[in-house]
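Before any comments, here is the structure.
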Amino acid sequence: MSFISKWAGLLGLLAVLVIGDQIRIHRPGHKYRLTVEVTTPDGIKSGSGILAVVPDRNYNRGGRTTMRGEAVFVDLGQGKNLVASLAHWQGARLDFDDINYVALRAYGAGRGNRVSFNDMHRQTGVVPVQADLVPVLLSFGDPNDPATARLVAADHAEAVLGEGHAIRGLSAEVVPNGFWPIDFGGMLGEPVTRGIDAKLPWLTARGDGAATALKAAGLPAGGEARAAFARK
């Protein structure tokens, strides 16, 4: 074997190791489908999205679990809508980390026992998302205008959505990770849901539409406002 061939082989092996390590670090710990169902005068309307939960596997300490995915948009018909955000209301502030643990806590509550984070990808079935696990719910009078956002109470949705509307329920279902990062659908695995910017176009427009939306709904809007609607 020549000197050049030897080093080419070593460099190739190093590249494989680096790529493999990056996949290990960034591969989701688990994915789950968050589904929202709403009772309307025209029947039950629903929407769902796949969210990926990524634990900190880096070599430095002080990291945190992160989320990939987007808010769930439900078209209710007649110009009405409901958005299940990626934020939770905690007293006087918005929490952007609780969404990472919605499925974990929902499976634990639904089955009456604690579920280990490392065992989440093995969970099966659909479990309800209730009480404090329900994220902040919003509705937009005009999805093109973030200033039309209104906060929707899970137990009194008709106050914003109109008579005959009610939150029927939210649920979580763990789905396979698939062959990440080539989980493009089908046998490769379900990818994280994308496309919220087509329904809420101000998310990619100039200005801070996310902060405007949260303020319009009477919520605090800090530097993380966009994280209430989309995570990379």
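Throughout, numbering of the chain's residues begins at 1 and tracks the sequence.
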What is the minimum heavy-atom distance between G209 and P146, and which atoms define it? O-CB, 3.3 Å

Given the rule that I, L, V, M, F, W and Y join up when any side-chain heavy atoms are under 4.5 Å apart, are L76 and L137 in one cluster? yes

Are V38 and F73 in one and the same hydrophobic cluster, where Ile, Leu, Val, Met, Phe, Trp and Tyr link if side-chain heavy atoms are under 4.5 Å apart? no

Checking N81 against D75 for the side-chain contact (heavy atoms from CB on, under 4.5 Å) test, could you report, in this order, the C-alpha distance in whole Å, the side-chain angles of both residues, the deciding distance, and whether it holds? CA-CA 5 Å; N81 58 76; D75 186 346; 5.7 Å; no

Please check: side-chain N/O of H88 versus main-chain N/O of L133, any donor-acceptor pairing under 3.5 Å? yes

When you measure from the side chain of S139 to the backbone N and O of L82, does any donor-acceptor pair fall under 3.5 Å? no

Salt bridge between K199 and D197, side-chain N to carboxylate O under 4.0 Å? no

V129 and S171: which non-hydrogen atoms are nearest, and at how many Å? CG2-C, 3.7 Å

Nearest-0.5 Å distance, CZ of residue F96 to CG of residue L94: 5.0 Å

Check whether Y107 reaches the backbone of G125 with its side chain - one donor and one acceptor, N or O, closer than 3.5 Å. yes

Minimum-distance pair of heavy atoms, taken over all atoms of A157 and A166: CB-CA, 4.2 Å

Which is it for V102 and Y32 under the side-chain contact (heavy atoms from CB on, under 4.5 Å) test, yes or no, and what are the steps along the way? CA-CA 9 Å; V102 163; Y32 71 93; 3.6 Å; yes

Pair listing, salt bridge (charged side-chain N to carboxylate O under 4.0 Å, His left out) test, anchored in residues 177-188, at least two apart: K31-D183

Under 4.5 Å between any side-chain heavy atoms of L151 and V160, yes or no? no

Close side-chain approach of T65 and V54, heavy atoms under 4.5 Å: no

Smallest separation among heavy atoms of L138 and A217, with atom names: CD2-CB, 3.6 Å

Within the structure provided, determine whether F229 and W202 are in side-chain contact (heavy-atom separation under 4.5 Å). yes

Is there a donor-acceptor contact under 3.5 Å from the side chain of T148 to the main chain of G141? yes

When hydrophobic residues are tied together by side-chain contacts of less than 4.5 Å, even through go-betweens, does V72 share a cluster with V53? yes

Donor-acceptor contact present, side-chain E70 to main-chain G195, <3.5 Å: yes

Can you give me the closest heavy-atom contact between P55 and G29, atom names plus distance? CD-N, 3.5 Å

When you group the ILVMFWY residues by side-chain heavy-atom contacts below 4.5 Å and let the links chain together, are V127 and L104 in the same group? yes

L34 backbone acceptor or donor facing S48 side chain under 3.5 Å: no

Distance flag, aromatic centroids of H30 and F117, threshold under 6.0 Å: yes

Quick one, V174 and M120 - any side-chain contact, counting heavy atoms below 4.5 Å? yes

Rounding to 0.5 Å, atoms CD (Q78) and CG (L161) come to a distance of 12.0 Å

Please round to the nearest 0.5 Å and tell me the distance separating atom CD1 of I196 and atom OG1 of T204. 11.0 Å

Please examine the side chains of L51 and R68, heavy atoms only from C-beta on, and report whether any two atoms are closer than 4.5 Å. no

What's the separation between atom CG in D208 and atom NZ in K215, rounded to the nearest 0.5 Å? 7.5 Å

Answer whether the closest heavy-atom distance between the side chains of T66 and R231 falls below 4.5 Å. no

Compute whether any side-chain donor of one residue and acceptor of the other, for E158 and H156, lie under 3.5 angstrom apart. yes

Neighbour count >12 (heavy atoms, 6.0 Å) for atom CZ, R194: yes

Please give me the minimum heavy-atom distance between Q90 and D98, naming the atom from each residue. NE2-OD2, 2.5 Å

Same cluster (ILVMFWY, side-chain, under 4.5 Å), Y101 and V134: yes

Within a strict 4.5 Å, meaning less than it, do heavy atoms of the F140 and V83 side chains meet? yes

Interatomic spacing from NE2 in H165 to OG1 in T40 - rounded to 0.5 Å: 5.0 Å

Tell me every residue that passes ring-ring contact (aromatic ring centres under 6.0 Å, His included) with W89, counting only those two or more places apart in sequence or in another chain. none

Does anything in residues 119-132 form a salt bridge (charged side-chain N to carboxylate O under 4.0 Å, His left out)? List the pairs, not counting sequence neighbours. D119-R122

Would you confirm whether N100, through its side chain, and D97, through its main-chain N or O, come within 3.5 Å as a donor-acceptor pair? yes

Side chains of L170 and T35: closer than 4.5 Å at any heavy-atom pair? no

